Amino acid sequence: MTVLADERELRDDALNGLELATRLERLWRTPSGLLGALMSVDHKVIGRRYIVTAFAFLLLGGALAILMRIQLAGPEQTFLSPDKYNQIFTMHGSTMMFLFAVPVMEAFAVYLVPLMVGTRNIAFPRLNAFSYWMFLFGGCFLWISFLLNVGPDVGWFAYVPLSSLQYTPTKRPDVWAQMITFTEVAALAVSVEIVVTVFKLRAPGMTLDRIPLFVWAMLVTSFLVMFAMPSIMVASTSLILDRLVNTRFYDPSSGGHPLLWQHLFWFFGHPEVYIIFIPGTGMVSMILGTFARRPVIGYPVVILSLIATGFLSFGLWVHHMFVTGLPQLGAGLFTASSMLIAVPSGLQIFCWLATLWDGRPVYRTPLLFVIGFIVVFVLGGLSGVMVASVPIDTQVHDTYFVVAHFHYVLIGGAVFPLIGAVYYWFPKITGRMLSETLGRWNFWLALIGFNVAFFPMHILGLIGMPRRVYTYTADMDWAHLNLVSSGGAVVFAISFAILLANVIYSLRRGALAGDNPWDASTLEWATSSPPPPQNFDRIPVVKHRDPLWFDNESLPVVAGLSIERREVLLTSLAEAEPQTREASPEPSVWPLITAIATTIFFVGSIFTPWAVLWGTPPMAVALIGWFWPSGSREDEE
Amino acid sequence: MPVRIRTALVTLVTLPLAACEGRQSALAPQGLQSDQILRTLLLFLAVAAVVWTAVVIALGIGLLRRKRMPERPLALHQDFEKATGRVVFALGFATLVIVLGLSIVSYAGQRTVFAKDDNALTLKIIGHQWWWEVRYEDDSPDRSFVTANEIRIPTGKAVKVELESADVIHSFWVPSLTGKMDLITGQKNELQFTARNAGVYRGQCAEFCGLQHAHMAVAVLALSPDEFGRWRDHENQSASSPTDVLGKQGEQLFRARGCALCHNIRGTLAGGQLGPDLTHVGSRTTVAAGTLPLTPATLGAWIADPQHIKPGNYMPRMPLQSGELIAILHYLEQLK
Amino acid sequence: MRQTIVRNVGALPTYGYGPRSGPWWGAMGFMALEGMGFAIAIGAYLYLYAVNSDWPIGAAPPDLWPGTVEVAIYLLSIIPNEMTNRAAKRQDLAKVRTGLIVMSLIGIVLLVFRGIEFAHLNTRWDNSAYGSVVWLILGLHTTHLATDLGDTVVLTVLMFTAHAKPRRFSDVTDNAFYWNFVVLAWLPLYVLLDWVPRL
């Protein structure tokens with residue numbers, strides 16, 4: 001169809017070696033200068049920004065945790081006022097869930113998935129840029145509000161009627177609800193990008209059973225995001241409407257119902273846990289394969305477990321509502337469905353244990369964090385089985401037992417793998433190794449600090465300490481365990497300081513990594529560290545699930561893509577047979593402008609409903625600018 | 001034998017917690033329901049402990065055992081792969097059996113905990129930011145009365161509490177007697193429990209309900225049936241009129257200084273409905289929903305500046321001269 | 001690492017239609033999550049319906065005719081939409097231009113009817129939870145209608161400029177595909193909003 005163009009065009013089969021690399025680099029690089037940086041659509045540039053921003057929010061959220069632990073270290077302390085404490089615990093939960101945990105996993109996917117599937121950029125790179133700006137602006141919006149003393153104070157779950165205008169007549173819940181909108185827009189955009197990247201941009205020959213496990217995990221996660229987050233968008237929108245234009249969704253005197261909020265929130269909120277945990281399992285599988293020096297046992301079992309976990313995660317939200325007075329039999333059935341998720345999780349654990357059993361473990365920091373993950377996460381999973389039981393839950397629900405449980409699950413299940421992933425992929429992203437010595441300190445302090453901080457909370461919950469209390473009276477006998485816990489939190493915080501120091505030190509002084517420092521098996525290690533703007537000089541062809549172990553001498557590749565305009569290779573869904581050479585967008589400043597227009601719209605609309613009217617035209621203009629062809633070769637072919 | 005194991009487990013878990021026996025602990029049950037929940041909990045705990053230990057041992061052996069000679073990563077032994085596959089499936093199946101078993105155990109426990117006794121003593125609890133309104137209702141209106149933050153119940157008799165909220169969602173939780181249940185705006189929930197022994201059992205709001213969620217405690221006093229009957233008869237009566245001058249002055253100041261706009265004292269002209277009923281406030285054990293034990297000093301401090309003790313609560317600081325404060329305090333203390 | 005060229009993909013086309021194109025899958029993804037949004041909104045409606053004995057709360061059901069007329073227009077619009085789609089696949093620029101103009105006009109007519117429908121709901125958003133959820137659902141669908149209309153108008157303009165290159169035809173087919181989603185989404189919402197209150 002485009003025969004004429006073809007004849008004039010220079011292809012990557014006409015050049016070789018350095019000449020080819022230089023041409024591609026010039027074609028795919030991000031323009032220089034500040035404006036260039038704002039225009040970037042390179043998934044690696046955006047992925048890096050995403051990761052750094054998410055970690056910045058982790059540090060902020062962690063600092064809030066330390067403030068809370070100082071306040072709770074003893075009874076009736078006045079370090080924080082109840083008003084500040086309530087803002088802080090709300091900010092801690094909201095920051096960790098919406099600005100750290102979900103974004104950081106998507107950020108790693110943005111960086112790694114295109115490399116792992118062997119393509120030049122993520123699908124819809126401009127949407128990707130837009131997503132990052134929305135995330136950044138949403139996060140800044142929340143934190144600037146907090147610094148202006150308008151930080152949300154109704155919990156990260158914002159239960160009505162407490163969050164309704166009547167009981168919280170400030171702008172604080174609006175800030176919370178609109179921050180949700182920002183981050184959900186960002187997360188949904190990335191999910192669609194990941195799905196399409198995995199479906200259509202895989203290297204030729206990467207059939208479904210050759211996709212790396214992290215990519216599988218991110219695919220399942222992306223579907224979870226797509227089906228869970230609309231629920232919280234409906235919820236937060238209706239909350240804002242109730243507060244701004246007097247709708248009655250949650251007003252019992254006009255037919256509304258507070259439990260509608262809880263259903264909508266937890267229909268999102270429970271899958272949310274798996275949106276955070278499943279990427280962690282993907283990271284574990286990748287690290288484990290490399291450092292056990294053999295492929296993970298039970299590849300199909302792991303994938304089916306991920307998919308089963310994804311499906312089951314939509315059928316257990318009610319276990320967050322066991323004490324709201326639901327019908328007994330219904331609640332009992334949700335006990336069974338909640339516990340059932342232990343089966344796919346268990347199967348994955350057994351596969352990993354078997355892999356270690358047969359492997360020859362190389363004890364580098366990433367593997368240490370995976371071992372820590374198994375020890376910590378299994379405990380959290382088991383306390384999860386306890387929480388799923390209705391009678392037990394009536395005692396431990398909304399107590400420190402649950403705080404302990406979900407920190408074991410989320411820190412054990414997601415943060416330990418994540419820190420392992422930082423040590424594992426840092427060499428690829430920066431070209432330098434992180435220090436092993438500091439890595440070991442980091443790991444042991446994290447493991448010890450975490451357990452000292454959170455294990456006592458199980459007991460505190462059982463001996464009666466509820467969650468979300470800014471203090472407790474001296475006669476409650478909770479002081480000792482709280483003090484221990486606060487001490488553990490400090491040790492845990494130090495482990496993150498070490499990580500930060502390690503990153504800063506190693507960025508300048510770390511040993512050079514080379515392409516594949518760990519002798520790993522997947523495609524991201526087939527290119528240089530850090531990867532060039534075009535990722536690969538030629539698109540690899542995949543003949544084995546572990547391509548670099550299958551043949552570590554030479555890489556089979558395809559040729560024939562343009563080196564005059566940005567082109568990616570689309571392949572078929574199941575067999576990854578090449579189908580088209582589709583154009584990939586050039587850098588553009590319009591995603592940023594669109595994000596700014598959207599931000600004005602979102603922030604404006606918590607103050608006046610008219611923002612919907614005057615906020616729309618700038619967005620429309622920005623979107624037209626975004627999609628209007630620029631006349632470049634990418635657009636016109 | 002299982003009983004002995006269970007006893008041992010209970011001892012093991014509760015040993016470091018002996019100090020808080022009986023106050024506000026799921027591990028020191030004093031009610032039929034909390035007994036049952038602890039039994040279920042300990043069974044789950046035992047299973048969890050076994051599974052966790054097994055996983056960690058398997059992990060340890062996996063890491064430490066002598067491995068075959070280094071080979072290329074893809075040089076796999078097909079026999080081993082197959083055997084492992086079977087083991088993984090067997091373990092997965094075992095997991096399924098365990099969780100189904102635990103689901104059944106859990107449901108059985110749930111049935112016991114939520115079993116209903118039609119002859120239960122009924123009372124209504126209405127959650128407020130940040131205190132508990134307690135209504136003892138009877139078929140004859142002159143046997144119904146209202147109190148606050150303290151519930152007295154007879155031992156050995158089922159008690160049914162109907163739970164409602166006047167504002168936001170709260171959760172009624174007295175762990176020594178039973179698990180919690182939410183008080184939801186626009187919905188009526190109920191909870192039944194039976195106290196085995198006499199004693200004071202503390203509870204606390206368990207659903208975040210705003211600024212002073214931390215200071216919203218409730219005390220359940222389980223009395224012998226006779227004692228309970230006497231208390232109920234007494235509580236049913238209106239407030240006794242003060243006999244001394246200072247008390248009379250206090251009664252009058254209670255109205256003149258605005259206290260009566262929010263507080264009700266039955267049998268007097270004070271008929272406010274926003275705050276706790278104070279008809280027999282002198283006989284209660286705590287101030288400000290369990291924030292402080294009730295003594296003349298704490299009650300006086302509370303009246304003098306409620307915002308200092310429980311910042312943000314809805315009781316305003318009234319400008320009182322010290323003489324006035326003493327009179328009001330003296331009056332309230334008499335309301336036994 | 002040494003590279004061995006095992007295949008040359010130079011002969012492949014530079015764009016495709018339907019499942020062979022990236023944007024088609026993107027549209028699928030967004031339709032899936034927006035469809036989920038509709039499903040959740042429907043769930044909220046049914047939840048409120050279930051917990052209230054009185055439904056519609058303090059109001060008459062919506063007048064039937066605006067929604068019904070819309071159903072007819074939506075269903076009929078599938079025909080010009082499909083004709084535009086096919087013309088785009090044939091890369092017939094003249095027919096694509098006509099088709100896009102027709103589809104833009106249909107979108108505008110539907111938007112006008114949507115305005116009338118809001119006026120005939122017989123309840124306001126702040127009357128009761130019933131009014132709130134009805135306005136939410138109708139608003140949600142109107143957003144989709146307006147967005148697709150905007151996209152159609154921009155594409156129409158584009159096809160009259162120098163940018164009307166072959167690749168744009170793929171965009172036209174994706175736009176036509178998305179319109180079917182807007183139509184399909186309306187049908188259950190019509191039943192829910194106009195008929196469930198009459199049960």
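Note that the structure is a prediction, hence the values are computed from the model and not measured. Chain naming here is simple, since letters A, B, ... match the order of the sequence lines and numbering starts at 1 in each.
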Next on the checklist: Less than 4.5 Å to any heavy atom of chain A: does that hold for the side chain of B:Q36, its backbone, both, or neither?
Outcome noted: neither
Next on the checklist: Under a 4.0 Å threshold between the charged nitrogen and the carboxylate oxygen, would B:E207 count as salt-bridged to A:R467?
Outcome noted: no
Checklist outcome for this item: Okay, A:F89 and chain B: the region with an atom under 4.5 Å from a heavy atom over there is side chain
Item to check | Closest non-hydrogen atom pair between B:S106 and A:V390, with its separation | outcome: OG-N, 3.6 Å
Checklist entry - Of the backbone (N, CA, C, O) and the side chain (C-beta and beyond), which part of B:T112 lies under 4.5 Å from a heavy atom of chain A, both, or neither? => result neither
Item to check | Pair B:L63-A:L356, side chain to side chain contact (heavy atoms under 4.5 Å, CB included): steps then yes or no | outcome: CA-CA 6 Å; B:L63 293 175; A:L356 278 173; 3.8 Å; yes
Checklist entry - When heavy-atom pairs shorter than 4.5 Å are enumerated against chain A, which of B:I104, B:I169, B:L100 gives the highest number? => result B:I169
Item to check | Residues A:R294, B:L74; criterion side chain to side chain contact (heavy atoms under 4.5 Å, CB included); working and verdict | outcome: CA-CA 6 Å; A:R294 58 149 295 149; B:L74 292 180; over 6 Å; no
Next on the checklist: Counting only non-hydrogen atoms closer than 4.5 Å, does A:Q166 touch chain B with its backbone (N, CA, C, O), its side chain (CB onward), both, or neither?
Outcome noted: neither
Checklist entry - Where does A:Y470 contact chain B at under 4.5 Å (heavy atoms): side chain, backbone, both or neither? => result both
Checklist entry - Side-chain contact, heavy-atom cut-off 4.5 Å: B:W173 with A:V323? => result no
Checklist entry - In terms of heavy-atom proximity below 4.5 Å to chain B, should A:P161 be classed as side chain, backbone, both, or neither? => result both
Checklist entry - Contact part of B:I184 toward chain A, heavy-atom cut-off under 4.5 Å: side chain, backbone, both or neither? => result side chain
Item to check | Side chain / backbone / both / neither for A:T399 at chain B, heavy atoms under 4.5 Å | outcome: side chain
Checklist entry - Using non-hydrogen atoms only, which part of A:Q348 is less than 4.5 Å away from chain B: side chain, backbone, both, or neither? => result neither
Checklist entry - So does B:R23 pair up with A:D475, basic N to acidic O under 4.0 Å? => result yes
Next on the checklist: Need one label for B:Q110: side chain, backbone, both or neither, based on atoms under 4.5 Å from any heavy atom in chain A.
Outcome noted: both
Next on the checklist: Could you go through A:R293 and B:R72, starting from their C-alpha distance and side-chain angles, then the distance that decides it, and tell me whether this counts as side chain to side chain contact (heavy atoms under 4.5 Å, CB included)?
Outcome noted: CA-CA 8 Å; A:R293 308 303 307 147; B:R72 288 185 51 238; over 6 Å; no
Checklist entry - Is there side-chain contact between B:V56 and A:I374, with heavy atoms separated by less than 4.5 Å? => result no
Item to check | Audit row: B:Y107, A:T335, side chain to side chain contact (heavy atoms under 4.5 Å, CB included) steps and yes/no | outcome: CA-CA 8 Å; B:Y107 191 61; A:T335 294; over 6 Å; no
Checklist outcome for this item: Heavy-atom closest pair (A:T394 atom, B:F114 atom, distance to 0.1 Å) is CG2-CZ, 3.8 Å
